[in-house]
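Notes to accompany the following structure.
The sequence lines fix the lettering, A, B, ..., with proteins before strands; numbering per chain opens at 1. Please read all numbers here as calculations on a predicted model, not as lab measurements.
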2 protein chains.
Amino acid sequence: MAVEGTAAPRVTRRRVRTRANLLDAAFAVFAAKGFGRVSIEEVCEAAGYSRGAFYSNFDSLDELFFALYRQRADLIAEQVAGALAQDGPDLDVQASVDRVTEVLLLDVDWLLVKTDFLVRAARAPEVAQTLLEHRERLRQVVADRLARAAGGTALPAVLGGADGAARAVVAAYDGVTVQLLLDKDVEHARSWLKQLLTALLTDGSGTREQ
Amino acid sequence: MAVEGTAAPRVTRRRVRTRANLLDAAFAVFAAKGFGRVSIEEVCEAAGYSRGAFYSNFDSLDELFFALYRQRADLIAEQVAGALAQDGPDLDVQASVDRVTEVLLLDVDWLLVKTDFLVRAARAPEVAQTLLEHRERLRQVVADRLARAAGGTALPAVLGGADGAARAVVAAYDGVTVQLLLDKDVEHARSWLKQLLTALLTDGSGTREQ
DNA sequence: TCCGTTCGATACGCGAATGTATCCGATACA
DNA sequence: TGTATCGGATACATTCGCGTATCGAACGGA
């Protein structure tokens, strides 16, 4: 027996597939042309449906975009958490940095879409809320990892503990992302992010120049 | 006698004013609604002109946006250069960090427009070129300043000299910008950027925690 | 002040994208 | 397998923004 309070909407199998297809197509189209330059029809065409299917599943392009972001953001969050959880409690930070870097700078298309979403969020507080929550989740995962490792490696006090350091990690990620979006050099971005994170999370004792 | 090779286009005074007004209005409208959601007519209305004036001065919204970006970006570049040049050759980095931070995080509207421009650049290589050049100019100014101060304060070697450090400064700026666009807390962003830059440009010797 | 040029306003036609209303085929369940 | 419901396609009206062509007024030089 369905335990739902309201009338059961009869969970159709086809609907789920269609919705997923629309989301996937939207991701590709948004990445290629940018959210601001995409019409509903383009998404439908890319997914192999007509506009009727779209309006049956979403109210507006904005709503689809929002759903798309949540879907992918959750996925990334899981991957990052996975990359950080899989090693022991007192392993070196360096290894974690490497693994997280691989995950964060895996897919340029995602960075493109994410930046589009940022632009939207910057002008819509309720959208910004979602993005902030996602970032907060990521930050928390990183902070936990750093706190666990704090026994082994010391953090620069200027940042204010594992919490501040985690914030710095996110900032570095965002900063490198910007450059990557312009020069499209993923490998360079990766190595540079590793470098940045290393500089931030370890102090430079014994290796300063001149 | 006009020394121009081609026929003199008779530099009208009114035209200059109109163009400037359109650019100013565009800045306000773009900041408020985002480039992707602005029509030519909206810009004209905000400036107090009709579409005829627009098409007499620009070929497309893209062209106006491009012109707008160049104008403002040059302005910022000058301000930053000024903030860094005004102190002596061997003054402490800290003072420069403070002054530059004030300039860079002065105007949220500019950050909004700049991010819109980034999104466009990410999908149009020729636009990206302009943005990269602007960033390169900024980076160079910072690198010069850091090189001058290198005698006084040591830089963490992980970043690879003044050049790498300058790159890191830009990345930190971009990273903090993202957060600022979401929470709109300019003061917090400023103090945090200072903190980040300090952590990046000085090593943590003697002040690490635990 | 007069005149030729330039600038910007107005009016028009056009195409694209939207949202809706309706219809037919697919699907789930008995 | 029959049937009621659901999902997506099609067709339509409408709105919106664009680009152009034309006209009157402002401007700058003599």
Quick check for you: among [options], whose closest atom lies nearest to any side-chain atom of [X]?
{"X": "Ser56(B)", "options": "dT27(C), dG19(D), dC7(C)", "result": "dC7(C)"}
{"X": "Thr12(A)", "options": "dT18(C), dC6(D), dA9(D)", "result": "dC6(D)"}
{"X": "Arg14(B)", "options": "dG19(D), dG7(D), dC27(D)", "result": "dC27(D)"}
{"X": "Glu41(A)", "options": "dA9(C), dT18(C), dC18(D)", "result": "dT18(C)"}
{"X": "Arg51(A)", "options": "dA26(D), dT20(C), dC18(D)", "result": "dT20(C)"}
{"X": "Arg17(A)", "options": "dT27(C), dT18(C), dA9(D)", "result": "dT27(C)"}

Cut-off 3.5 Å, side chains only: do Gln179(A) and Arg167(B) have a donor facing an acceptor?
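No.
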Quickly, which of Phe30(A), Phe27(A), Trp110(A) forms a ring-ring contact (aromatic ring centres under 6.0 Å, His included) with Tyr69(A)? Name it, please.
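Only one of Phe30(A), Phe27(A), Trp110(A) forms a ring-ring contact (aromatic ring centres under 6.0 Å, His included) with Tyr69(A), namely Trp110(A).
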Rounded to the Å, how far apart are [X] [atom1] and [N] [atom2]?
{"X": "Asp59(A)", "N": "dG19(C)", "atom1": "CG", "atom2": "P", "answer": "10 Å"}
{"X": "Asn21(B)", "N": "dC7(C)", "atom1": "CG", "atom2": "P", "answer": "15 Å"}
{"X": "Phe54(B)", "N": "dA21(D)", "atom1": "CZ", "atom2": "P", "answer": "17 Å"}
{"X": "Leu64(A)", "N": "dT18(C)", "atom1": "CG", "atom2": "C1'", "answer": "16 Å"}
{"X": "Glu45(A)", "N": "dA16(C)", "atom1": "CD", "atom2": "C1'", "answer": "14 Å"}
{"X": "Leu22(A)", "N": "dG7(D)", "atom1": "CG", "atom2": "P", "answer": "13 Å"}
{"X": "Arg19(B)", "N": "dT6(C)", "atom1": "CZ", "atom2": "P", "answer": "18 Å"}
{"X": "Phe58(A)", "N": "dT18(C)", "atom1": "CZ", "atom2": "C1'", "answer": "17 Å"}

Looking at every non-hydrogen atom in both residues, tell me the closest pair between Leu182(B) and Arg135(A) and how far apart they are.
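Smallest heavy-atom distance, with atoms named: CD1-CD, 3.5 Å.
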Interatomic spacing from NZ in Lys184(A) to CG in Leu111(A) - rounded to 0.5 Å
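That separation rounds to 10.5 Å.
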Contact class for Tyr55(B) (heavy atom, under 4.0 Å): base, sugar-phosphate, or nothing?
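The answer is base, as Tyr55(B) lies within the cut-off (heavy atoms under 4.0 Å) of a base atom.
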Between Gly52(B) and Leu61(B), name the one whose nearest nucleotide on DNA chain D is closer to the 5' end.
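Taking each residue's closest nucleotide, the earlier one in sequence belongs to Leu61(B).
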Would you check if the distance from the ring center of Phe54(A) to the ring center of Tyr49(A) is below 6.0 Å?
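Not close enough - the centres of the two rings lie 6.0 Å or further apart.
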Any Arg13(B) side-chain nitrogen or oxygen under 4.0 Å from OP1 or OP2 of dG28(D):
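Yes, such a contact exists.
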If each of Asn57(B) and Ile40(A) is mapped to the nucleotide of DNA chain C with the nearest heavy atom, which maps nearer the 5' terminus, i.e. the 5' end?
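It is Asn57(B), whose closest nucleotide lies nearer the 5' terminus.
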